[in-house]
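Report on the following structure.
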2 protein chains.
Amino acid sequence: MELPFQPSQCQPGLSVDCVIFGFHENELKVLLLKLLHNREWALPGGFVMLDEDLDRAAVRVLRERTGLKRIFLRQFHAFGEVSRNLPGHADKLVRTQAIHPSLQAWFEQRFITIGFYALVEYSQVEEPHPDYFSEFCRWYSIRELPPLMLDHQRIVSKALETLRLQLKYQPIGLNLLPERFTMPELQALYETLLEKKLDRRNFQRKMLSYDILVKTDEFRQGGAHKAPVLYAFDPDRYQQALQHGLNSIW
Amino acid sequence: MELPFQPSQCQPGLSVDCVIFGFHENELKVLLLKLLHNREWALPGGFVMLDEDLDRAAVRVLRERTGLKRIFLRQFHAFGEVSRNLPGHADKLVRTQAIHPSLQAWFEQRFITIGFYALVEYSQVEEPHPDYFSEFCRWYSIRELPPLMLDHQRIVSKALETLRLQLKYQPIGLNLLPERFTMPELQALYETLLEKKLDRRNFQRKMLSYDILVKTDEFRQGGAHKAPVLYAFDPDRYQQALQHGLNSIW
DNA sequence: GCAAAAGTGTTAACTGTACACCCATGT
DNA sequence: ACATGGGTGTACAGTTAACACTTTTGC
C-alpha cells in the first residue's frame, strides 16, 4: 500500500488548511472534502515538505484539489491552541481505516495549522479532486455547513471574518467572478457578503469611482430585461487598490 | 550547565517572534536583543511548549522580556520560507559559544516562525530582560535598526506594514501611550506612524468624532505654554472600534 | 402596453479642509 | 508684551445618500 506522503519528508507538527471560497447562485460557498468512513467533512489541507516554502504548500494543496493555479490566496491566521488536537483523533482515524496504522504516530502529534483563504471562480473549478483521506468534494453554502472535523468550523469562521474585513477596505471580485461580469452581478456579490441590500445607482457610481473597472462594449444577452453592460477588472489598477486600500482615513 | 529549554518539551520546528513597539520622544521604537558573541541583534522570541497554546507562548515571551502582562498582542504573519533557515546558522551558534553543543541539532531544524506584534507603553517597561542567548536589550528607533539576525529585518518590516495598515482603519494609541495623554501627544504618534504632518484642529475634531476618547478635567502641567487637556481612551468603545473599524465603505 | 431590470441625472445632507480667532503660560 | 502652543469656530468644497426619470426587453 502506497502512502500518500512520507512523514519523514514533512515538517513535523505543521499543516496548512485552505478555505476555498466560490460564488454561485448568489451564495458564497466553500469547498469541502467528505472524509472516508466518517460523517464529518474537512477543509482541503496538507503538510509542508521539509524543502517547501509554507506558501508553496498552500498553492500545491489548492492546485491538487481544484486544478487551479492563478488564484487569490492569502495567509490569514495560525491556529495553535493545544486543544485543537483532540486526544483520540489519530486512534479514530486508524480504527475507521481512514489512515494506515503506520501513520498513527504522525497524526498523534500536536499540530499547528496555518489557515489560507482562496478566492476562486466557481465555474472554473471543473471537478474538484478528493485527496487520499477523503471520499469526494462538494461546494457548501457557508450558510449551511455540514459537521466539520476538529476545529475546521472555527477556521472557516475566521476566514469569513477576514474576507468581510477585506471587503470593507479593499476591492473584491476578481477571482470570484468570471472575467466579464455585469454591475448587478458584482453588486450581488457585495450584497451577499455584507448581508444587506445596496442602492443600485449609488453602488454603480461608487464602484466606477474606484477606477478599477473597464467597461466593455458587450452586453449580457439572454436575460428577460434590458441587457446589462459587461465589465472587466483592470488587473493593474485592481492590484494597486488591493495594496493601498480604497478609503483610508489619513 | 543548565539548558534554557528542553527541546523534547517544545514543538519542533516552530518558534514565535515578537516585534515589540514602543513610542518615545516622537519615535517609534522596537525592542531588540543583542546576541552573545555576535554583532547581530534579534527579535525577542522563543519556542512553543508542547502543552502550550501558540498565543500563550507569545504572551510568555513578552512577559519574560518586558515584565508586562496586559498589552496589545496580535499575530500578524507566519514566516515559512525554506530560505529563512541559513545552512550554517546552528553551526555558527555553537562555534561562537552562543549555544551549548547539545542544542545544535535543535537549531539545525527548519523553522517556521509566527510573527506577533505588540504595542507597549514605553515608560512602563522598566528594564527589559535579555534571554539566555543574548547579552542585553535595547530599544531602537525603527528608522535606524542595527544588523539583524536571519530574516528578522523582514519580520520587522512586515510588522510595521501591518501596524500602518491598522492605523488606516482602526484606532491606535491605547497601549502605546500612557493612560492619560494630551491631544497633541496622540497627534504626534499618528504623525510619526504616517510620516506626515496633520492639521492640529482637524485632527482633534476627527479624533473626537470617533467617540473613543474621554476628556478628563485635568491638564498636563509644567509645559511652557497653555496647559493641554488630558484625555483617556474609553476601553469599551475603543474595543468596539478595533473590531468594527473606523470608516468602512459599506 | 405593462412589468421588471438597467442606465443616467438631480438635489439635499453630510463630511472634510483650510483657515481665523482667542486663550493660557513662560520669558 | 510677545512668542508659542493649545482650544474653539466657520465657510467653502467635495462627497454621499436618497430619490426621479428614461430606456430596453419579454410576455
Side-chain angles (χ1 to χ4, degrees), chain A residues 25-26 167-171 173 177-178 180-192 194-232 241 244-250, chain B residues 25-26 167-171 173 177-178 180-192 194-232 241 244-250:
Chain A
E25 290 175 341
N26 283 356
L167 187 75
K168 283 190 173 186
Y169 309 114
Q170 293 181 331
L177 293 175
R180 298 188 164 204
F181 52 89
T182 67
M183 198 58 88
E185 283 162 7
L186 182 58
Q187 184 176 342
L189 170 62
Y190 272 82
E191 289 182 342
T192 301
L194 293 166
E195 295 183 306
K196 74 173 175 191
K197 288 277 161 203
L198 300 172
D199 184 281
R200 185 173 62 84
R201 299 150 288 191
N202 293 335
F203 178 82
Q204 166 138 343
R205 201 193 341 268
K206 186 178 249 179
M207 215 62 217
L208 289 174
S209 77
Y210 294 144
D211 216 26
I212 53 173
L213 293 180
V214 182
K215 187 176 187 170
T216 72
D217 50 5
E218 292 174 66
F219 301 83
R220 164 92 63 236
Q221 304 289 356
H225 308 289
K226 180 169 181 176
V229 178
L230 286 169
Y231 289 88
H244 303 308
L246 290 177
N247 70 331
S248 63
I249 323 185
W250 309 106
Chain B
E25 288 173 342
N26 283 355
L167 187 74
K168 282 190 173 185
Y169 309 114
Q170 293 180 330
L177 294 175
R180 299 190 163 203
F181 52 89
T182 68
M183 199 58 87
E185 283 161 8
L186 182 58
Q187 184 177 341
L189 170 62
Y190 272 83
E191 290 182 341
T192 302
L194 292 166
E195 295 182 308
K196 73 174 175 192
K197 288 279 162 202
L198 299 173
D199 184 281
R200 184 173 61 84
R201 300 151 285 192
N202 293 334
F203 178 82
Q204 167 137 343
R205 200 196 341 268
K206 186 178 249 181
M207 214 62 216
L208 289 175
S209 77
Y210 295 144
D211 216 27
I212 53 173
L213 294 179
V214 181
K215 187 177 187 170
T216 73
D217 50 5
E218 292 174 66
F219 301 83
R220 165 90 65 234
Q221 304 289 357
H225 308 288
K226 179 170 180 175
V229 178
L230 286 169
Y231 289 87
H244 303 307
L246 289 178
N247 69 331
S248 62
I249 323 184
W250 309 105

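The sequence lines fix the lettering, A, B, ..., with proteins before strands; numbering per chain opens at 1.
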Would you tabulate the pairs of protein nitrogen or oxygen atoms and nucleotide nitrogen or oxygen atoms of nucleotides 14-16 of chain D closer than 3.5 angstrom?
none

Which pairs, protein N/O on one side and nucleotides 25-27 of chain C N/O on the other, fall under 3.5 Å?
| residue | atom | partner | partner atom | Å |
| --- | --- | --- | --- | --- |
| dG26(C) | O4' | Ala224(B) | O | 2.9 |

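Using modelled atom types, no side-chain atom of Gln204(A) and backbone atom of Met183(A) make a donor-acceptor pair closer than 3.5 Å. For Thr182(B) (side chain) and Val229(B) (main-chain N/O), no donor-acceptor pair under 3.5 Å exists by modelled atom type. Side-chain N or O atoms of Lys168(A) include one that pairs as donor or acceptor with a backbone N or O of His244(B) at under 3.5 Å. A donor-acceptor contact shorter than 3.5 Å is absent between the side chain of Glu185(A) and the backbone of Leu177(A). When atom types are taken as modelled, the side chain of Lys215(A) and the backbone of Ala232(A) share no donor-acceptor pair closer than 3.5 angstrom. Side-chain N or O atoms of Lys206(B) include one that pairs as donor or acceptor with a backbone N or O of Ile249(A) at under 3.5 Å. With hydrogens and angles ignored, the 3.5 Å screen pairs no side-chain donor or acceptor of Gln170(A) with any backbone N or O of Ala241(A).
The CD-C1' distance, from Glu191(B) to dG5(D), rounds to 14 Å in whole Å. In this structure, Asp199(B) atom CG and dC21(C) atom C1' are separated by 14 Å, rounded to whole Å. The distance between atom CD1 of Ile249(B) and atom C1' of dT15(C), rounded to the nearest whole Å, is 16 Å. Going from atom CE of Met207(B) over to atom P of dG7(D) covers 15 Å, rounded to whole Å. Spacing between atom CZ of Arg200(B) and atom P of dG9(D) amounts to 13 Å, rounded to whole angstrom units. Atom pair Met183(A):CE and dT8(C):C1' shows a separation of 13 Å (rounding to whole Å applied). Atom C1' of nucleotide dA18(D) and atom CG of Leu198(A) are separated by 14 Å, given to the nearest angstrom. Here dG6(D) presents its P atom at 10 Å from CD of Gln204(B), a figure rounded to the nearest Å.
Note: Trp250(A) and Tyr210(B) have perpendicular aromatic rings, judged against thresholds of 30 and 60 degrees for the angle between ring planes.
Dashed line: the shortest gap from a side-chain N or O of Lys197(B) to OP1 or OP2 of dA18(C) is not under 4.0 Å.
Annotation: of the two residues near DNA chain D, Arg201(A) and Asn202(B), the 5′-most nearest-nucleotide partner is Asn202(B).
Side chain Arg220(A) to base dA5(C): no donor-acceptor pair is found below 3.5 Å.
Salt bridge annotation for Arg180(B)-Glu218(B): present, with a cationic side-chain nitrogen under 4.0 angstrom from a carboxylate oxygen.
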